[in-house]
Amino acid sequence: MSDAILRDKEESKPSISFIEQFIADDLKEGKNNGRIHTRFPPEPNGYLHIGHAKAICLDFGMAQKFGGKCNLRFDDTNPVKEEVEYIDSIKEDINWLGFDWEDREYYASDYFGKLYEFAVSLIRKNLAYVDDQPADVISSQKGTPTQPGTESPYRSRSAAENLDLFERMNKGEFDEGSRVLRAKIDMTSPNMHMRDPIIYRIIKSPHHRTGSTWMVYPMYDFAHGQSDYFEGITHSLCTLEFEVHRPLYDWFIDQLKTGDYRPRQIEFNRLNLTYTMMSKRKLLELVQEGRVSGWDDPRMPTLCGLRRRGYTPESIRNFVDLIGYTKVEAINDVSLLEHAVREDLNKRAPRVFGVLNPVKVIITNYPEGKVEEVELINNPEDESQGKRMVPFSREVFIDADDFMENPPNKFFRLAPGMEVRLKGAYIVKCEGVKKDETTGVIEEVYCTYDPDTRSGGKTSEKKVKGTLHWVSVSHAIEAEVRLYDRLFDHEDPAGQKDDDYRKFLNPESLKILTGCKVEPSLASARPLDKFQFQRLGYFCIDYDSNPDKLVFNRTVGLKDTWAKINK
RNA sequence: UGCUCCGUAGUGUAAUUGGCAACACGUCUGACUCUGGAUCAGAAGAGUUUAGGUUCGAGCCCUAACGGAGCAACCA
């Protein structure tokens with residue numbers, strides 16, 4: 001590559017999303033005094049998942065990029081669905097991802113007072129009214145997307161009467177569902193959301209923060225934009241399904257604003273992943289029905305699940321970066337996520353030997369009782385991780401997959417008469433096997449070793465096709481290994497109209513292997529420590545692990561060309 | 001028979017704002033290797049949903065069609 005082209009490549013700006021473009025344009029036009037302020041507004045009704053990570057990276061990322069701020073705001077306007085339990089987990093997950101809202105932790109419920117006053121002011125301006133009709137009547141009067149709605153008989157109540165009723169609604173004088181407050185906009189609007197939307201409803205269950213101070217609670221549309229306004233948010237980034245809400249968002253801001261400042265809502269595409277379900281409601285069902293072990297089951301797309309699975313925050317951020325933000329409703333391939341972890345873990349995870357399905361290999365010409373410490377590189381991608389010593393002896397375990405009595409062509413592993421290197425140690429040659437006479441299961445493999453082939457020695461020039469990982473029998477530590485596969489065996493489990501998503505649950509999504517053997521250096525590993533089991537994949541220590549019983553989760557396998565050849 | 005949004009290699013995104021359609025993942029070759037991983041080198045793969053229009057020139061602007069998504073919760 002010529003210097004000019006190289007320079008060109010380095011200088012070419014990474015492309016920016018349409019959102020970043022909008023923000024840059026707003027900045028150029030001098031809007032909002034050049035301030036950039038975003039917010040991440042989760043409802044505390046469940047755990048955060050990777051779809052939220054996409055939003056978090058955008059909200060905090062844009063603020064960082066433009067020298068602005070990003071608030072954390074809990075959108076807690078519906079006390080019947082929300083719980084404190086979720087608040088802590090949400091904060092933990094955002095921090096884990098690597099973002100910081102500093103001291104700006106807000107709650108929509110902080111604004112219940114102001115919102116109530118704003119509603120009162122709309123009533124006074126004759127822009128809101130109390131409707132006494134039941135839900136189904138109101139709903140049918142709204143018309144359909146293709147037919148205009150009709151006006152409620154209560155639409156022209158006097159401001160005084162509305163004020164009185166609204167106040168009494170909040171005092172608890174009326175039953176839930178008996179009355180609502182509606183904005184008076186336009187029942188014939190082509191946009192359903194503008195047909196006199198309900199802005200307040202009566203809820204008598206206590207709120208997790210405000211207790212029973214309030215009996216009326218604002219709807220999303222009456223809380224979100226206003227909260228943005230109260231906090232001085234300049235760019236309110238949300239997913240595409242809120243696009244049709246934007247006129248209403250702007251309508252309320254118009255009623256509220258006093259100066260030039262106004263927040264702007266911009267919508268982007270939600271994250272969809274193949275073989276994954278993102279709906280919080282359905283994830284909750286999986287948890288409640290015991291189909292997974294909890295919100296942090298390593299098969300869940302939740303951030304706590306991914307964390308337990310062994311994902312790093314960097315890998316998730318890189319993934320989000322890779323897929324970008326657009327207005328196209330796309331379905332991203334999970335394998336891209338898997339690629340992102342592999343790439344990250346390749347750089348950071350120390351290599352170790354772990355044997356999942358052990359078969360004993362006896363090196364018949366190796367002295368009994370002798371133990372050699374062989375030196376192994378911890379991470380060829382990162383020299384600073386150093387080296388370690390691993391004990392080698394006459395009897396070692398290898399993986400059952402690495403031996404075949406009657407191998408096909410191009411099998412570069414151990415088979416009768418074939419030679420392989422035991423990585424870091426010697427080249428061994430298979431001389432025979434012992435099988436269970438009735439089942440045919442291989443019980444022991446007999447090899448001889450070539451003492452001149454010790455790794456690193458002068459005479460180790462001999463080349464063999466295969467190199468195997470191994471663990472010395474007398475030094476091996478027992479471990480349980482949990483192998484995960486995708487939770488669903490359908491690309492789009494939630495998108496099948498005729499079938500319940502449960503039908504697509506992958507029965508093979510969890511395989512627990514016991515009696516696995518790992519090298520002794522792993523004895524002191526702690527939960528969430530990450531390793532590459534050489535030739536197998538990336539594994540991390542599970543929370544269930546303890547020094548007496550190590551438990552590993554497989555984060556993701558290595559790409560396996562042999563498996564592919566075999567298909 | 002409404003309104004809003006969206007259509008670019010298999011997938012996801014780009015295209016200096018109207019100037020030779022590029023990148024990543026995946027796929028396929030090959031090299032190297034004490035991880036059949038990683039790494040490195042290379043290749044195939046779209047003429048931008050369709051039809052018109054404006055223009056010297058259109059993925060980009062205009063019109064229409066086709067296809068997809070969202071909108072009729074006292075959810076967010």
Side-chain angles (χ1 to χ4, degrees), chain A residues 12-17 21 41-43 45 75-78 80-82 108 131 134-135 138-140 142-149 176-182 189-195 198-203 216-217 219-221 223-224 238-247 267 269 274 280-281 321-333 335-336 338-340 342-343 346-347 351 353 376-377 380-381 410-413 420-425 427 453 455-456 460 463-469 532-537 557-565:
Chain A
S12 71
K13 286 180 226 150
S15 57
I16 62 174
S17 70
Q21 189 62 253
E43 182 187 14
N45 68 345
D75 222 338
D76 55 350
T77 56
N78 186 357
V80 302
K81 283 171 68 184
E82 295 148 10
D131 196 330
I138 292 179
S139 165
S140 67
K142 272 201 178 166
T144 68
T146 54
Q147 287 170 297
E176 285 188 15
S178 64
R179 270 168 242 256
V180 290
L181 185 68
R182 296 226 255 165
S189 169
N191 184 334
M192 295 289 292
H193 295 275
M194 300 299 271
R195 323 242 261 231
I198 292 167
I199 59 178
Y200 262 98
R201 76 291 212 192
I202 300 168
I203 297 177
V216 292
Y217 289 87
M219 299 285 290
Y220 165 84
D221 284 308
H224 202 98
C238 63
T239 45
L240 247 26
E241 65 268 28
F242 292 102
E243 212 154 22
V244 283
H245 292 242
R246 189 172 356 118
E267 310 84 11
N269 61 346
T274 55
K280 262 201 232 177
R281 200 199 84 228
D321 228 48
L322 242 35
I323 60 176
Y325 300 90
T326 66
K327 302 191 73 159
V328 187
E329 297 183 49
I331 301 174
N332 293 272
D333 204 325
S335 57
L336 193 59
E338 291 169 350
H339 168 260
R342 276 198 203 95
E343 192 179 59
N346 181 41
K347 285 177 290 185
R351 318 284 125 127
F353 287 161
L376 284 156
I377 292 168
E381 307 289 319
K410 284 196 160 184
F411 183 79
F412 303 148
R413 307 180 188 183
V420 293
R421 174 173 290 282
L422 295 177
K423 187 173 172 67
I427 290 175
T453 57
S455 289
S460 64
K463 299 273 185 196
V464 285
K465 267 289 195 183
T467 303
L468 307 187
H469 59 281
Q532 185 197 93
F533 284 8
Q534 289 218 281
R535 305 207 303 134
L536 299 179
L558 251 24
K559 279 193 270 176
D560 188 342
T561 314
W562 171 246
K564 213 185 278 177
I565 290 170

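Chain identifiers are assigned alphabetically (A, B, ...) following the order of the sequence lines, protein sequences preceding nucleic acid strands; residue numbering begins at 1 within each chain. In this text, all values refer to a predicted model and were calculated from it rather than measured experimentally. The basis for the numbers below is simple: all heavy atoms, side chains too, and nothing from hydrogens, waters or symmetry mates.
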Closest listed nucleotide, where the reference is the side chain of A:R535 and the choices are B:C34, B:G36, B:U13: B:G36
Sugar-phosphate only, base, or nothing, as touched by A:D221 at under 4.0 Å among non-hydrogen atoms: nothing
Touch class at under 4.0 angstrom, heavy-atom based, for A:Y325 against every strand present: sugar-phosphate
Integer angstrom distance from the P of B:G36 to that of B:A43: 27 Å
For B:A64, the Watson-Crick or wobble partner whose two distances fall under 3.5 Å: B:U50
Nucleotide of B:A72, B:U35, B:A76 approaching A:N78 most closely (side-chain heavy atoms): B:A76
Side chain of A:H339 (C-beta onward), nearest among B:C74, B:U11, B:C25: B:C25
Sugar-phosphate, base or nothing in reach of A:R413, heavy atoms under 4.0 Å: base
Touch class at under 4.0 angstrom, heavy-atom based, for A:G324 against every strand present: nothing
Sugar-phosphate, base or nothing in reach of A:K423, heavy atoms under 4.0 Å: base
Sugar-phosphate, base or nothing in reach of A:F411, heavy atoms under 4.0 Å: base
Pairwise C1' distance, B:A22 and B:A15 [rounded to whole Å]: 7 Å
Identity of whatever pairs with B:A69 - Watson-Crick or G-U, under 3.5 angstrom: B:U4
Syn-anti status, with the boundary at 90° from 0, for the nucleotide B:G42: anti
Pairing of A:K327 and A:E243 as salt bridge, 4.0 angstrom limit: yes
For atom CE of A:M192 and atom P of B:A73, their distance in whole Å: 7 Å
Selected nucleotide, minimal atom distance to A:Q532 side chain, candidates B:U35, B:A69, B:G2: B:U35
Touch class at under 4.0 angstrom, heavy-atom based, for A:R351 against every strand present: base
Closest to side chain of A:F412, choosing from B:G36, B:C74, B:G12: B:G36
Sugar-phosphate, base or nothing in reach of A:Q147, heavy atoms under 4.0 Å: nothing
Nucleotide opposite B:C32 in a Watson-Crick or G-U pair, distances under 3.5 Å: none
Selection from B:U35, B:C71, B:A76 that lies nearest to any side-chain heavy atom of A:D75: B:A76
Heavy-atom donor-acceptor pair, A:R342 side-chain to B:G37 base, under 3.5 Å: no
Shortest side-chain distance from A:T467, nucleotide among B:C34, B:C71, B:C74: B:C34
Every protein N/O within reach of nucleotides 38-40 of chain B N/O, cut-off under 3.5 Å:
{"residue": "B:A38", "atom": "OP1", "partner": "A:K559", "partner atom": "NZ", "Å": "2.7"}
{"residue": "B:A38", "atom": "O2'", "partner": "A:N346", "partner atom": "ND2", "Å": "2.9"}
{"residue": "B:A38", "atom": "O2'", "partner": "A:E381", "partner atom": "OE2", "Å": "3.1"}

Touch class at under 4.0 angstrom, heavy-atom based, for A:T77 against every strand present: sugar-phosphate
B:U13 phosphate, OP1 or OP2, under 4.0 Å from A:N269 side-chain N/O: yes
Nearest-nucleotide pick for A:H245, side chain only, options being B:A72, B:A76, B:G36: B:A76
CD1-CG distance between A:I331 and A:N269, expressed to the nearest 0.5 angstrom: 11.5 Å
Distance-only donor-acceptor test, A:Q21 side-chain atoms vs B:U17 base atoms, 3.5 Å: yes
Candidates B:A76, B:G12, B:A69 - which lies nearest the side chain of A:R201: B:A76
Gap between atom CZ of A:R413 and atom CG of A:L468 - 0.5 Å precision: 8.0 Å
A:L558 side-chain proximity, nearest of B:C74, B:U35, B:A73: B:U35
Distance (rounded to the nearest 0.5 Å) between A:K81 NZ and A:E43 CD: 5.0 Å
Touch class at under 4.0 angstrom, heavy-atom based, for A:K280 against every strand present: nothing
P spacing across the pair B:G45 / B:C60, given as an integer number of angstrom: 24 Å
Sugar-phosphate only, base, or nothing, as touched by A:L240 at under 4.0 Å among non-hydrogen atoms: nothing
Touch class at under 4.0 angstrom, heavy-atom based, for A:A330 against every strand present: sugar-phosphate
Sugar-phosphate, base or nothing in reach of A:I331, heavy atoms under 4.0 Å: sugar-phosphate
Touch class at under 4.0 angstrom, heavy-atom based, for A:P41 against every strand present: nothing
